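This structure is a prediction, so every number in the text was calculated from the model and none was measured.
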Amino acid sequence: MKRIGFLSFGHWTPSPHSRTQSAQDALLQSIDLAVAAEELGADVASFRVHHFARQLASPFPLLAAVGARTSRIEIGTGVIDMRYENPVAFAENAGAADLISGGRLQPGISRGSPEQVIDGWRHFGFAPAEGETDADMARRHTESMLQILSGEGFAPPNPQPMFPNPPGLLRPEPHSPGLRERIWWGAGSDSTARWAAAQGMNLMSSTLKDDETGEPFHVQQRRQIEAFHQEWQAHDHAFTPRVSVSRSIIAITSDQDRAYFLGQRDTQDQVGMLDERTRAIFGRSYIGEPEELVQELARDEAIASADTLLVTVPNQLGVEYNAHLMESILTAVAPQLGWR
């Protein structure tokens, strides 16, 4: 069975057309959507992280709240920008959220994407070391965080502590066993997918990646997944990795769906410059009647290669409508493709 869930960017705007008009709306509705998705039988509730934007930004309070309100669904991020993260604080916060959820956390992390502000990570107190790029800094933070999540002590104890210490070097607490194997890296290229495999992280591939061959998006993404698995086999990580891909999928099953989405023109891959150096390919949206979607999605090579599918949702249309969109996929599309 393929795991299926949603990925919400958590947009909010004080527009009369938005059902998510404030940051509080975005946060509370995110929790409610995760509850609704679990009731529908979805497998994953995942949330995007963007700093300095009217979107979800501080992941761990949200993840902990979702964990406290649900009992089965996996809870993740897609993705946390590691340029902004203190590795020790990340390990503490993630450990606490994972324990609250009963071991259901699936944090997705990455080196980040183009930002709303210039070098936003500097405002969080971080700067690349001499000779480093900001991407290097993100990977350094990641490697430190992964080592901390292993649970090995590294901090010398105070000889006169306030409270008694266990013997040996100390680690940040709370520690959540098993969380280390549930870290995902959001890879934008084949080389970063291979790096993720070498580090022992699961692979998260979104709706865009570097345009490395000129082939259709889903073919390039399938090649990226193959590169990840090939590199994984060269290491002894002692667990089986997972791979997720993200897609925009709208099953047209009601007049309201038709009014919102029928006739949209982003149903072909798009190519553009992600920054001044990076040519990127953006995957198409899938919009149509369920029978049409079944035929089109069956030809998507990357979805076929992944074990987890995250469906991006238009969160500003409200919890009830987004639950309807997820239900349509889970009941009218997924069974016909053998995903359920």
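At least one side-chain heavy atom of Ser254 sits under 4.5 Å from a side-chain heavy atom of His324. Side chains of Met145 and Ile183 form a contact here, defined as non-hydrogen atoms less than 4.5 Å apart. Counting heavy atoms from C-beta on, the side chains of Thr253 and Pro290 come closer than 4.5 Å. You'll find the side chain of Asp257 reaches within 4.5 Å of the side chain of Leu325, heavy atoms only. Considering only heavy atoms from C-beta on, Phe154 comes within 4.5 Å of Pro172 through its side chain. Counting only heavy atoms from C-beta outward, the side chains of Pro128 and Arg122 approach each other to under 4.5 Å.
Counting only residues at least two apart or on different chains, the side chain to side chain donor-acceptor pair (under 3.5 Å) pairs with a member in residues 166-176 are Asp98-Ser176, Arg171-Glu173. Within the structure, no pair that satisfies the salt bridge (charged side-chain N to carboxylate O under 4.0 Å, His left out) test touches residues 315-333, not counting sequence neighbours.
The ring of His51 has its center closer than 6.0 angstrom to the ring center of Phe124.
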Inset, instruction - Please step through side chain to side chain contact (heavy atoms under 4.5 Å, CB included) for the pair Arg284 and Phe217, ending with a clear verdict. - result: CA-CA 8 Å; Arg284 56 164 295 185; Phe217 172 79; over 6 Å; no

Legend entry - Test ring-ring contact (aromatic ring centres under 6.0 Å, His included) applied to Phe126 and His141, step by step: CA-CA 10 Å; Phe126 299 109; His141 287 176; 5.0 Å; yes

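The minimum heavy-atom distance between Arg72 and Ala42, with the atom names listed, is NH2-O, 2.6 Å. Across all non-hydrogen atoms, the minimal contact from Glu132 to Ala129 is OE1-N, 2.7 Å. For the pair Ile252 and Phe261, the tightest heavy-atom approach, listed with the atom from each and the gap, is CD1-CB, 4.2 Å. Minimum interatomic distance between Phe228 and Ala193 (heavy atoms only, all atoms of both residues): CD1-O, 3.3 Å. Closest approach of Thr207 and Ser246 over heavy atoms only: CG2-O, 3.2 Å. Closest approach of Val243 to His229, counting heavy atoms only: CG2-NE2, 3.7 Å.
No option in Gln220, Gln224, Glu226 other than Glu226 meets the side-chain hydrogen bond (donor to acceptor under 3.5 Å, both in side chains) test with Arg222. Only one option out of Asp32, Ile75, Leu105, Ile100 pairs with Val66 in a side-chain contact (heavy atoms from CB on, under 4.5 Å); it is Ile75.
Here the side chain of His218 pairs no donor or acceptor atom with the backbone of Ala302 at under 3.5 angstrom. Looking at Gln221, its side chain does come within 3.5 Å of a backbone N or O of Ser206 through a donor-acceptor pair.
Between Glu212 and Arg223, none of the side-chain N atoms (NZ, or NE/NH1/NH2) sits under 4.0 Å from a carboxylate O, so this pair counts as no salt bridge. Using a 4.0 Å cut-off between charged nitrogen and carboxylate oxygen, Arg258 and Glu289 count as a salt-bridge pair. Ion pairing of Asp43 with Arg340 is present here, as a side-chain N (NZ or NE/NH1/NH2) and a carboxylate O approach within less than 4.0 Å.
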Show me the side-chain donor-acceptor pairs of residues 1-13 shorter than 3.5 Å, one per line, residues at least two apart or across chains.
unit_1, atom_1, unit_2, atom_2, d
Lys2, NZ, Ile303, O, 2.8
Lys2, NZ, Ala306, O, 2.6
Ser8, OG, Gly10, N, 3.1

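Between the CZ atom in Arg48 and the OG1 atom in Thr312 there is a gap of 12.0 Å [rounded to 0.5 Å]. Rounded to the nearest 0.5 Å, atoms CG (Leu146) and CZ (Arg139) are 13.5 Å apart.
Arg111 and Thr192 share no donor-acceptor pair across their side chains, judged by distance under 3.5 Å alone.
The aromatic rings of His235 and His237 sit parallel to each other, their planes meeting at less than 30°, with 60° as the upper class boundary.
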